[in-house]
Structure formats: C-alpha cells, structure tokens
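See structure below.
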Number of protein chains: 2
Amino acid sequence: MARIQDVAKHAGVSVASVSRVLAGLPGVSDTTRERVMRSVDALGYRPDLAARRLRSRRTDTLGLIVSDIRNPFFMEVSRAVEDVAYANRLRVMLCNADEDPDKESFYLEMMRDENVAGVILSPTLPMLARYKSADYPFPMVLVDRCNSTVEADAVVLDNVDAAMRLTRHLIEAGQRKIAFFYGAGSATGQQRHDGYLAALAGAGLSPIAQALRPTVEEARVVARNFLERQKPLPDAIVASSGLILLGLVEALRDVGLRYPDDIALAGFDDMPWTRLVTPAITVVAQPTYEMGRAAIELLRARIQQPEQVVRRVVLRGELIVRESSSPRK
Amino acid sequence: MARIQDVAKHAGVSVASVSRVLAGLPGVSDTTRERVMRSVDALGYRPDLAARRLRSRRTDTLGLIVSDIRNPFFMEVSRAVEDVAYANRLRVMLCNADEDPDKESFYLEMMRDENVAGVILSPTLPMLARYKSADYPFPMVLVDRCNSTVEADAVVLDNVDAAMRLTRHLIEAGQRKIAFFYGAGSATGQQRHDGYLAALAGAGLSPIAQALRPTVEEARVVARNFLERQKPLPDAIVASSGLILLGLVEALRDVGLRYPDDIALAGFDDMPWTRLVTPAITVVAQPTYEMGRAAIELLRARIQQPEQVVRRVVLRGELIVRESSSPRK
DNA sequence: AAGCGCAACGTAATCGATTACAAGGAACAG
DNA sequence: CTGTTCCTTGTAATCGATTACGTTGCGCTT
C-alpha cells in the first residue's frame with residue numbers, strides 16, 4: 001500500500017505538497033500539482049482514512065438513525081439521504097434503533113465515537129423528552145418526530161393538521177363513532193392522536209383511542225381483540241401509520257369483516273398496497289423523499305454554520321380519498 | 001476529551017496497561033485492572049477510534065452493499081445483518097448501489113478506504129461476471145446473487161428450482177401460454193428465467209419472456225404495453241421479483257384486466273400485500289431474514305478463518321398457492 | 001542596492017492510540 | 001544464595017496522514 005511519503009518521493013516533492021494538492025488547498029504551483037497527480041495515479045495511492053481522521057479531526061461521515069427500518073416511510077427517507085450524500089461524496093452510517101431507546105443510545109454513542117460530522121435522528125419518545133442539542137458533540141437534525149418545545153433543527157409533517165383533516169373527512173362522510181389506533185410511543189403518534197381528538201371535539205363526538213406498539217404484528221393482534229370485544233362496533237377506524245394500517249386490514253380479514261360496509265377505514269402513508277387492495281384505502285400521503293432530502297440539507301447547512309438559528313421544516317400531508325372511507329350504505 | 005494518557009495518569013499506571021485492560025488482554029493484575037476501570041469511568045474515557053484504527057489496522061466495521069434498498073427483500077436481509085452485528089458490537093455501513101455498477105464500484109472502493117473487516121454484497125451482473133475475491137483486500141460474502149462459476153462465499157435461494165416449481169404449478173393449474181417478466185440485470189433474474197424455461201420445456205410449451213429493469217415503475221409501464229399489444233393474451237404471467245409483481249398488478253389495474261379470470265398471476269416474494277389483495281397472489285416466499293443471518297455468519301467465519309474453504313448456503317423457496325393462479329373458469 | 005512582501009515549498013511536530021521490547025520483581029528450584 | 005522462569009509493568013517506536021512554522025527565492029518598490 002502506497003503511503004503519502006511514497007508519492008512525495010515519486011513526485012520529487014515533500015509530503016506537505018502532496019497533502020496540499022490532495023486537499024485542493026491553494027499555494028501550490030500548477031507544475032507541482034501536475035506532478036503530484038501523476039504520481040498519485042501512477043502508484044494508485046489512496047489516503048489512509050484513519051490517519052487523516054486522527055490528524056484532521058474530521059470524518060465526512062454522517063449518521064442516520066431511524067426508528068424502524070422496515071417501515072417504508074423510513075426507507076424512503078433513507079434513500080433520499082443516501083442520494084444527497086452520494087452526490088456530495090459523504091459517507092452515511094445507517095442504523096436501525098428499532099424503537100428501542102437502549103439501541104438508540106448505543107448508536108448515538110457510536111456516532112460520538114466515530115466522530116461523525118452530524119446525525120439525522122428520528123427519536124423515540126423518551127429521547128425526545130430529554131433532548132438537548134448541547135448534549136451531543138455533533139450537529140443533529142430530527143426527522144419525522146419532534147415537538148414544539150424542543151430546540152432543534154427538524155423536518156416533520158404537520159401531524160396534527162393531517163390527522164385532523166383525515167378525521168374530518170370521515171366525519172363528513174357520515175361516520176360518527178370513529179376509533180383511532182396509534183403508536184403512543186412516538187411524538188408523531190401522539191400528535192396525530194391530538195389532531196384526531198381535535199377533529200372529534202369540533203364535531204361534538206367522543207373518542208375511542210387505542211394505543212399500541214407500532215408494528216404490523218402488534219396492530220393485527222390488538223385490532224383482532226378490539227374487533228371481537230368492542231360491541232357495538234365503531235363506524236370507522238383510523239390508523240396513525242402505514243404499518244398499523246396494514247395490521248388493521250389483516251385483522252379485518254381475520255375476523256371476517258368487510259370495509260367500508262361493516263366498518264370504514266383510513267390511515268397514514270400512501271403505500272402501494274393501499275391502492276391495490278379492494279376497496280382501496282383512504283390515506284394521508286407523506287412527502288417522504290422530500291423529508292429526507294430536507295433533513296440532510298438542513299444538516300449540511302448546520303455543519304457549515306454551527307451558530308445558525310434553529311430551523312424547522314414543516315410539511316403538509318396530502319389527503320387521498322379512496323373507497324375505504326365511503327359513507328355506509 | 002480524555003485521552004488514554006489522562007486515564008493512565010489518573011490510575012497511576014502506564015498507557016500500556018490501560019490499553020491492555022481495555023483490550024481485555026491477559027498479563028494484567030486484578031488490582032491494576034480494577035484501578036484502570038475505575039479511572040476510565042471516572043473520566044468518562046472513550047478511546048479514539050481513528051487513533052486505534054490507525055495503529056491497529058483493524059476497524060470492527062462491516063460493509064453491506066445492497067442493490068436496491070427499496071426492495072423489501074433487501075430490507076429484511078439488512079435487518080438480519082444489523083441484528084447480528086448489533087449483538088456482536090460490530091458497526092455496519094449500509095449502502096445502496098441502486099443496481100448501478102458505478103455506484104457499486106464507488107462503494108466497494110469506499111469499503112477499501114474504510115478498511116472494513118468484511119463486506120456483504122448483492123452484486124450487479126457485470127460485477128458478478130468479473131468477480132474475483134482476490135481483487136479485494138477484505139473478505140466478501142455474496143448474498144441473493146451468485147452463480148456456480150464464481151468462487152465465493154454466498155447465500156442464495158435455489159432460484160432455478162423455485163422458478164421451476166412455480167411455473168410447473170401454473171402448468172398443472174391448466175395454464176398453457178405462460179409469460180415471464182424478469183429483471184435480466186441480475187443473476188437472480190436470469191436463474192429464475194432458466195427455471196421458467198426448464199419447466200416449460202419439460203411440458204413442451206414455448207416461452208414468452210420479457211426482460212426489464214427490476215423496478216415497480218418500469219414493470220408497470222412495460223406490462224401495460226405488453227398487455228395492450230400482445231394479442232391473444234397469454235394465460236398467465238410470472239414475475240421474477242416482488243417489485244415486478246407489484247408493477248404487474250398495477251398494470252392490470254390500469255388496463256382493466258382481472259386476474260385470474262382474464263389472466264393468471266404468480267411471482268416471487270411473499271410481501272404482505274400479496275395476500276391482502278383480492279384475489280390473493282400465488283408466490284414463492286424467500287427466507288429473507290435467514291438469508292441475511294446466514295450471510296453475516298458466513299462473513300464472520302471467513303474473517304476468523306481467512307483460509308477456510310469456500311462455503312455456499314443454498315436455501316429453498318416455499319411455494320405458497322393462492323387464488324391468483326387458479327384454473328380459468 | 002537594500003528592503004519588503006508574497007508565493008511556493010519543506011521540515012518536523014502532532015493527532016491518540018497499539019504494541020514490541022526491555023526491565024523489574026517475585027517465586028521457586030538447585 | 002544464586003540463577004532461572006514467569007508474571008507484570010513501563011518506555012518508546014510506530015501507524016500515516018495534516019498542518020504550524022520556517023525558509024527560500026523572486027519581483028517590486030523606494
């Protein structure tokens with residue numbers, strides 16, 4: 001493996017010059033630059049990242065800690081982050097905290113150890129509750145999950161508004177008893193719950209909320225129990241995420257209920273299957289790719305300008321009405 | 001930031017002793033070990049990874065380069081890799097090559113620069129064609145995509161067999177003209193194509209194969225054209241991957257055809273939506289999580305024993321028959 | 001011609017760990 | 001009592017880059 005010394009010798013210059021050329025610094029003559037570049041690819045030289053990082057104290061690496069990698073929402077977000085990072089020759093360490101605060105902490109410590117330039121995080125609720133950006137030695141941008149009390153760069157959906165519009169739509173479709181299945185373990189779930197409550201309150205209706213862990217399996221089991229026990233059935237159920245919605249549809253299948261005839265349905269995340277199933281499902285679509293893109297752009301800006309004012313990008317969900325929320329016949 | 005020197009001073013020992021304690025090496029007295037540990041957490045010391053890596057020439061980091069992160073198959077594989085890595089305190093760099101050989105090469109170079117301990121890769125076809133493990137300075141395990149001529153640790157499905165069984169099932173269900181939509185840009189797609197051809201040949205039927213890029217959008221467009229042009233329609237279509245299958249179902253929807261009545265359907269990957277849509281879709285399920293687990297276990301073994309014989313794990317797909325492949329009425 | 005400024009370049013210190021090697025000391029055998 | 005062995009510990013070299021600082025030489029001003 002060629003070292004910088006070998007390149008210097010081969011080019012007949014000092015290691016400092018080689019380093020300067022590679023870093024693109026000024027103060028190098030064109031002829032030297034030329035000679036160095038020639039030697040670099042004559043020897044196939046590649047700088048040793050460990051040495052560079054040790055000395056320079058920089059890494060050009062970003063961390064991305066998502067709370068559930070199986071969730072297509074985070075998939076899309078990751079892809080966007082990846083795309084922008086690739087275009088800017090940045091490395092990304094993608095980690096899956098799995099909604100587990102311990103894993104989340106572990107990965108944040110790992111980011112510290114790795115001395116990353118910055119981190120994009122979708123925090124668990126306990127993490128968000130105690131979050132202070134000063135606790136971390138790197139800039140951090142929150143994505144998908146944040147609340148108004150936290151001082152942090154963040155990219156989120158306007159969850160309250162989105163849930164409110166979705167719920168109102170059901171009310172306007174004539175539904176009265178509307179249940180809400182949500183992941184209580186995330187800020188997002190809670191805010192959507194708030195929006196749901198607000199919409200119901202506005203119409204003088206009373207809520208039936210069901211908190212659960214936000215996985216397909218959990219939603220399926222909880223929903224099955226709910227549907228078997230809850231008599232009379234509500235008119236409609238709203239799911240606070242795509243995974244919960246999926247479990248819900250599976251549960252309906254399990255207990256032999258049909259939507260929207262037996263019970264209307266709506267949820268979040270415009271996953272492909274929501275328009276393939278029959279009847280197709282009414283959802284709020286999130287601008288997932290855009291959220292990821294915004295997150296990494298915010299992070300890059302913060303890295304450039306550490307003292308910049310806190311910025312928050314709030315995006316609007318798009319209500320897509322399909323058959324699952326139709327008025328009962 | 002405390003350095004190892006500070007710890008040594010605080011504990012009244014040499015840096016060598018601290019290093020030895022932290023590395024868990026023998027040759028340290030219990031009392032010294034005790035004192036060091038106490039100082040370590042009194043000072044909140046964390047070793048500098050860059051320095052450690054520079055000196056030791058090791059990283060405890062694995063690379064995982066998947067060809068399409070939006071594909072739920074690779075999702076599941078990644079999750080399995082992640083889980084095992086987390087349990088063993090290994091870092092994982094997850095990269096998305098996006099079926100693009102340039103991106104793939106870029107990431108492989110990056111892995112070299114990062115001096116990773118090993119890499120798990122689902123190679124593109126050009127990569128697989130020229131693959132020689134000696135070309136890389138780290139151990140590598142292939143996942144999902146491999147062929148019999150390549151000398152490499154690998155974890156794959158028995159693609160030929162799976163496609164054959166799937167096609168045979170359609171034949172037995174009375175279908176005669178069976179089309180095959182496949183991603184010709186991967187070894188997996190090709191092998192499934194081979195299996196399809198073999199099954200048809202066995203029944204004396206002639207093939208109608210359609211190669212395409214393995215994305216939902218592409219499959220949808222190609223299938224739409226195919227369905228509008230191809231007259232008379234085939235009796236059935238088989239998709240070589242979950243994403244293609246999805247595009248296919250969307251295309252049927254687009255042109256107003258019904259399955260299995262107008263045309264039967266089957267494919268790969270048991271994604272949740274395949275059993276939610278009506279009629280539900282016949283598929284070959286892959287043991288995705290198991291494939292990821294096997295891949296990282298193979299890699300860890302190879303890292304431990306670099307000269308071990310080449311190992312290949314071939315897993316069997318499970319045929320799940322649903323309504324989409326039913327005999328025509 | 002002396003002095004000054006500036007660009008180009010080189011020398012050597014430095015980042016913070018690991019680890020080869022040497023040395024000190026205790027235990028034990030002869 | 002001396003020599004050998006083994007266990008523990010410390011000193012200092014080392015990994016391969018970046019970068020502070022000093023030097024050189026050229027051009028220009030006065």
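The structure displayed is predicted, hence computed values, not measured ones. Within every chain, numbering begins at 1; the chains are lettered A, B, ... in the order of the sequence lines, protein sequences first and strands thereafter.
A:Arg46 has its CZ atom 22 Å from the P atom of D:dC15, to the nearest Å. Rounding to whole angstrom units, CG of residue A:Leu54 and C1' of C:dA17 are separated by 8 Å. If you measure from atom CG of A:Asp113 to atom C1' of C:dG16, you get 14 Å, rounded to the nearest angstrom. Here D:dT9 presents its P atom at 10 Å from CG of B:Asp30, a figure rounded to the nearest Å. Atom CG in A:Asp60 sits roughly 14 Å away from atom C1' in D:dT18 (whole-Å rounding). The distance from atom CG of B:Asp48 to atom P of C:dC15 is 11 Å, rounded to the nearest whole Å. Protein atom CG of A:Asn115 is 12 Å distant from nucleotide atom C1' of C:dG16, rounded to whole Å. Computed from coordinates, the A:Arg55 CZ to C:dT14 P distance equals 9 Å when rounded to whole Å.
Map B:Ser56 and A:Ser56 each onto its nearest nucleotide of DNA chain D; the residue landing nearer the 5' end is B:Ser56. Annotation: of the two residues near DNA chain C, B:Leu25 and A:Ala16, the 5′-most nearest-nucleotide partner is A:Ala16.
Looking at heavy-atom distances under 4.0 Å, A:Ser19 makes contact with a base. A:Ser17 comes within 4.0 angstrom of the backbone, heavy atoms only, and of no base. Residue-level contact check: B:Val15 touches the bases, meaning some heavy atom is under 4.0 Å from a base atom. At a threshold of 4.0 angstrom between heavy atoms, the contacts of A:Arg33 with the nucleic acid are absent. Base engagement by B:Arg20 is indicated by at least one non-hydrogen atom pair under 4.0 Å involving a base atom.
At the phosphate of D:dT9, OP1 or OP2 sits under 4.0 Å from a side-chain N or O atom of B:Thr32. Residue B:Arg58 has a polar side-chain atom (N or O) positioned under 4.0 Å from OP1 or OP2 of C:dT19. Put simply, A:Ser29 has a side-chain N or O that comes within less than 4.0 Å of OP1 or OP2 on C:dC9. Considering only side-chain N and O atoms, B:Arg52 lies under 4.0 angstrom from the phosphate OP1 or OP2 of C:dT18.
Ion pairing of A:Lys103 with B:Asp83 is present here, as a side-chain N (NZ or NE/NH1/NH2) and a carboxylate O approach within less than 4.0 Å. Using a 4.0 Å cut-off between a side-chain N of Lys or Arg and a carboxylate O of Asp or Glu, A:Asp6 and A:Arg3 qualify as a salt bridge. Salt bridge annotation for B:Glu99-B:Arg145: present, with a cationic side-chain nitrogen under 4.0 angstrom from a carboxylate oxygen.
Judged as a ring-ring contact (aromatic ring centres under 6.0 Å, His included), the pairs with a partner in residues 61-120 of chain B (not counting sequence neighbours) are, in order, A:Tyr86-B:Phe106, A:Tyr86-B:Tyr107, A:Phe106-B:Tyr86, A:Tyr107-B:Tyr86. Listed by first then second residue, pairs satisfying ring-ring contact (aromatic ring centres under 6.0 Å, His included) with a partner in residues 24-55 of chain A number zero, not counting sequence neighbours.
Distances from the side chain of A:Ala51 to the nucleotides C:dC9, C:dT19, D:dA17 place D:dA17 closest.
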